[in-house]
Amino acid sequence: MGQNDLISLKGVGPSLETKLNNLDIYNQTDLLFHLPSRYEDRTAIKKIGTLESDSEAQVEGEILLSSIAFRGRRMLVVQISDGTGIMALRFFTFNKYQKDALKKGLMVRCFGKTRKTTAGIEMIHPNYEILDPKKRHALPKTLTPVYPTTQGLSQGKLRSLITQVLKDRLDNLEDLLPTSIASELNLGSLNESLKETHSPKKESLAIDELSPAKKRLVTEELIANQIGMRQIKRASKKHSAMQLTQHEMKERFISMLPFELTESQKKVSSEITFDIALNQPMMRLLQGDVGSGKTVVAGLAMAIAVDSGFQSVLMAPTELLAEQHKQNLDRWFGPLGVKTGLLKSKLKVPEKRVLKESIANGDCQIIIGTHALFQESIDYNNLSLVIVDEQHRFGVEQRFSLINKAKRGGIVPHQLIMTATPIPRTLAMTAYGDLDNSIISELPSGRGEIATLCLSEDKREEVVEKALREIKKGRQVYWVCPLIEESEDHNRESAEATFKKLSKNLSGHRIGLVHGKLSADKKNKAMSEFKEHKLDLLVATTVIEVGVDVPNASMMVIENTERLGLSQLHQLRGRIGRGEHESFCIMLYKNPLGQTAKQRLEVIRSSRDGFFISEKDLELRGPGEVLGIRQKGVVGLKIADISRDAYLIPKINKVCDQFEYEFPEESEKLVRRWIGKQINYRNV
Ligand code: ADP
Ligand code: MG
């Protein structure tokens, strides 16, 4: 039994060990690096009379009444008073023991989130403790950590284990950062840093800037992330790839395009051309604002692959986009005699069999489908290039699984990940550090201007009239009712209500509706009708966010603008201004607007530069919004916060070279300590 083993901790048996393993905790050191996701302030008792709604608070009071009530459902209601006011504690699940313990006349201390109702202030399922009048119940002097946990493992248990390890093991913990780096970056000691992070003083949270202690851990994590990404990159370059070197078809492809490529398109295309001619796999991120013409660039790469005798895959996030790609590619590749195939979920069994056969025998050279469809096993003839479109939800792990699926006899396809959300450099380095980066920095010329107006909701009638004028000119209009609540039902309702209203206001014109609750078929149908100008106006939720190309659409109305991230608004707006007509984007907001909301609307109103907008978005909202995902876990960081800590990243990048080179063993250990278990990069 090793000293660092979990099982040698007091109170840990095999079943608890398994639960800890589920959290990626395999030894005592891992426990030290299991960091709180947030804190609770239990250092003080608040008076009930001073409580505000929707805040976390700790109060003490005497139980006045404890009873079971039926209000729609059975619940335990306990009323307490501290002389300044009365508060209710409400429990929807409770056992007999709990009910008996919360007896009238006893003193109770509880911690929870307050809620104001018409009946007064209450807490639902607070943490509580019955106070023994004969004992002193001291308050903690530091903040109480809340840890990420798993089913059947309580916060209390985790806290006590971590406290134990902090006491017993901290002094044996190996400091992996060389002192030269620690002093160059002005970092506190690792031990102090861990102690403070697990139980910080209240004041230390109030400081916006990083304390030296916190900076220490943040820096370690960012270094580990950087080096981990580099390792992944190097590992993936160790594979072999097909050398794609034939350019004749590409030249014909270019000569047949109805437009000139932009300078940016030429530049990124030559970067890609260079990469895929090598015998190691390309791993490249292609960033280009909405409408910058990424699809053509993808087409050029595929032309080289086909010409060299190999297959390519193009993955889109939705069926609709996959179909759009299919149409475009057929238009471009049809005349060149290249066969493309669309893997649709709706294919009939025999159709699917025929398609799969032609993929297996190499007849079909370009295969298009959704990410979901490529989950199935497909037998390729000689896949050499994988292009992932519009994917800002594609993590490192998914990239691996893709490689692993396509790997054959040590040969891996070249990979191009295309994203329409420009990603601030610091964020790209953290989330996509394993990829090389190409950027399309200009839009094709000849696009109409987009005038963006931010209007209060009560101007809606004028907006409807404006829409009518556009429709009468033969243009089309998007009317977007974005996600305003987590519930998809609620969103459908709001889209449906708008659809009804507009159908009345604009009777005689053709109005369509799409939302997430429609079947894929119906969604597709409405979108295709809009594309073919069989509809004048399309009411939609944000399902239209990505990729759809309808150059005749010249107006977009977006409701509830104040609730959306800037990058998302920018994406939506990118659906218009694709033809030569002047376009209008009208952003409706609900009054009153807060300070940040005003700032954000000003950014989007005044700029069409996706990079500028995403930098601002990162500043004002955080990385999850920019990458288009809600949860923090995307980037996989425990303590570093890309928006707050961005300024550290360039410095850290420099230090990493030296660290990896001079201290290979320590840098390897640091990566394992922080991310080794999350990313199994050895399997790349
Ligand atoms: P995105 O980068 O958003 O995926 P698309 O590839 O859908 O953009 O291109 C948007 C539109 O611009 C398409 O209709 C495409 O044919 C057109 N396009 C692409 N490149 C050029 C160019 N160099 N000049 C003019 N139009 C172009
Ligand atoms: Mg696109």
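Owing to the predicted nature of the structure, the values given are computational and were not obtained by experimental measurement. First listed ligand is number 1; within each ligand, the first listed atom is number 1. Keep in mind that the numbers below use all heavy atoms, side chains included, and drop hydrogens, waters and symmetry copies.
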Inset, instruction - Please round to the nearest 0.5 Å and tell me the distance separating atom CE of M242 and atom CG of N279. - result: 11.0 Å

Legend entry - For N552, side chain to side chain contact (heavy atoms under 4.5 Å, CB included) partners two or more places apart: R475, Q476, H533, H581

Between ligand 1 and [X], is the shortest N or O to N or O distance under 3.5 Å?
X    : answer
E260 : yes
R331 : no
G293 : yes

Inset, instruction - Tell me which one of S445, P444, G291 gets a heavy atom nearest to atom 25 (C) of ligand 1. - result: P444

Legend entry - Heavy-atom nearest neighbour of atom 2 (O) of ligand 1 within options Q265, E263, K294: K294

Please examine the side chains of [Y] and [X], heavy atoms only from C-beta on, and report whether any two atoms are closer than 4.5 Å.
X    : Y    : result
L321 : Q324 : yes
Q287 : N437 : yes
I558 : Y478 : no

Using a 4.0 Å cutoff against the non-hydrogen atoms of [X], which atoms of ligand 1 qualify?
X    : answer
T262 : 23 (N)
S292 : 2 (O), 8 (O)
R578 : 3 (O), 7 (O), 10 (C)
T295 : 4 (O), 5 (P), 6 (O), 7 (O)

Legend entry - S358 (side chain) donor-acceptor with L355 (main chain) under 3.5 angstrom: yes

Inset, instruction - Tell me which part of L261 gets within contact of ligand 1: side chain, backbone, both or neither, using heavy atoms under 4.0 Å. - result: backbone

Legend entry - Qualifying ring-ring contact (aromatic ring centres under 6.0 Å, His included) pairs, either residue in residues 267-309, two or more places apart: none

